[in-house]
Amino acid sequence: MAGEAQTVFRAKGLTKVYRTGAQEVHALRGIDFEARRGEFVVILGPSGSGKSTFLNVIGGLDQASGGEVWFEDHQLTAMNERQLTQYRRDHVGFVFQFYNLVPSLTARENVKLVTEIARRPMAVDDALALVGLSERRDHFPAQLSGGEQQRVAIARAIAKNPQVLLCDEPTGALDSATGVMVLEALTEVNRAVGATTLVITHNMAIGDIADRVVYFADGQISREVINTTKKAPSEVTW
Ligand SMILES: Nc1ncnc2c1ncn2[C@@H]1O[C@H](COP(=O)(O)OP(=O)(O)OP(=O)(O)O)[C@@H](O)[C@H]1O
């Protein structure tokens, strides 16, 4: 069906239990979730509500304890470590709060690291242009502001042309003006590349730029809101 063909992620009854010694933490307690191709989803919720755990499971960085997750027609919850690594490499771009750039490489070289091993990469300079950093491409991370470094990290994440872009607190370390520029880069990339984009944040205001806001509470999805009108990042303040 056309509707199903548009579904990129499908999670059903997803659970995750962390066991440390005799302690059990139920980080995910039955998540049902779907995301459509090209959708921009913001995930909000208090600290410890399971947001990062969820992103890590659907990004193939961590394995679920129960339930199912599908990426297109691949069942992630049936994959072994090697298959998950391949899934991440072929399909997923990650952006984290801290940029994890290689300090001894320029912006261009940091992005090139990924395009060299990707199956269908975009040109490095195109990726940097998408995040507005063409002028800075020969700078080293230490010569770039925090926001610029994060935009290099976004260019690196999307340069392999991933179907999904998963971002965990991408503006968490940035002031509001710089954070807005990073959000502009993310919305531009989402529009231009069409990657389904999931963004975890603590910042309620950022929900206004999403197609849909998903609220986590205590390992479950407590609420979902579809935005009938979306704000541009430049209209968002915090
Ligand atoms: N590797 C781990 N081992 C044990 N417990 C963990 C582990 N990772 C996360 N947890 C626990 O699982 C629960 C959910 O954590 P998670 O990081 O997913 O929440 P979060 O909503 O992303 O929080 P934050 O907004 O603070 O990043 C928390 O109680 C956390 O302490």
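Order of listing sets the numbers, starting from 1, for every ligand and every atom in it.
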Undergrad: Are any of the side-chain nitrogens in R108 or D138 under 4.0 Å away from the carboxylate oxygens of its partner?
TA: no

Undergrad: Considering non-hydrogen atoms of the protein only, which is the closest contact for atom 1 (N) of ligand 1, and what is the distance?
TA: Y18 CE2, 3.6 Å

Undergrad: Provide the number and element of each atom of ligand 1 under 4.0 Å from a heavy atom of H202.
TA: 25 (O)

Undergrad: Does any part of the side chain of Y215, heavy atoms only, come nearer than 4.5 Å to the side chain of V225, both counted from C-beta?
TA: yes

Undergrad: Between D62 and K16, does any side-chain N to carboxylate O distance fall below 4.0 Å?
TA: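 A salt bridge links D62 with K16.
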
Undergrad: Protein heavy-atom contact under 4.0 Å for atom 31 (O) of ligand 1?
TA: no

Undergrad: Has E169 got any heavy atom lying under 4.0 angstrom from an atom of ligand 1?
TA: no

Undergrad: Does the salt bridge (charged side-chain N to carboxylate O under 4.0 Å, His left out) test come out yes or no for E68 and K12, once each step is laid out?
TA: CA-CA 5 Å; E68 289 184 3; K12 191 90 196 128; over 6 Å; no

Undergrad: Would you indicate which of G48, A27, S52 comes nearest to atom 23 (O) of ligand 1 when only heavy atoms are counted?
TA: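 The nearest heavy atom belongs to G48.
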
Undergrad: Distance under 4.0 Å to a non-hydrogen atom of S47: what atoms of ligand 1 satisfy this?
TA: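 So the atoms of ligand 1 that pass are 23 (O), 24 (P), 25 (O), 26 (O).
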
Undergrad: Under 4.0 Å from any heavy atom of T53, which atoms of ligand 1 are there?
TA: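 By the 4.0 Å cutoff, the relevant atoms are 14 (C), 15 (O), 16 (P), 18 (O).
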
Undergrad: Could you tell me if any non-hydrogen atom of S49 lies under 4.0 Å from any atom of ligand 1?
TA: yes

Undergrad: Check this for me: does any side-chain nitrogen of one of E109 and K112 sit under 4.0 Å from a carboxylate oxygen of the other?
TA: no

Undergrad: The test is salt bridge (charged side-chain N to carboxylate O under 4.0 Å, His left out); show your working for D208 and K230 and say whether it passes.
TA: CA-CA 6 Å; D208 293 345; K230 287 199 282 184; over 6 Å; no

Undergrad: Nearest to atom 19 (O) of ligand 1, what protein heavy atom do you find, and at what distance?
TA: G50 N, 3.2 Å

Undergrad: What atoms in ligand 1 come closer than 4.0 Å to a heavy atom of P46?
TA: 21 (O)

Undergrad: Would you say G219 contacts ligand 1, with heavy atoms under 4.0 Å as the rule?
TA: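 So G219 does not count as touching ligand 1.
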
Undergrad: Heavy-atom distance under 4.5 Å between the side chains of F40 and V199, does that happen here?
TA: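 They are in contact (side-chain heavy atoms under 4.5 Å apart), so the answer is yes.
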
Undergrad: V25 versus ligand 1: do any nitrogen or oxygen atoms come within less than 3.5 Å of each other?
TA: no

Undergrad: Counting C-beta onward and ignoring hydrogens, is there a side-chain heavy-atom pair between I200 and L44 closer than 4.5 Å?
TA: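 A side-chain contact under 4.5 Å is absent here.
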
Undergrad: Under 4.0 Å from any heavy atom of K51, which atoms of ligand 1 are there?
TA: 18 (O), 19 (O), 20 (P), 21 (O), 22 (O), 23 (O), 24 (P), 25 (O)

Undergrad: If you compare all heavy atoms of Y99 against all heavy atoms of A153, which two are closest, and at what distance to 0.1 Å?
TA: O-CB, 4.0 Å

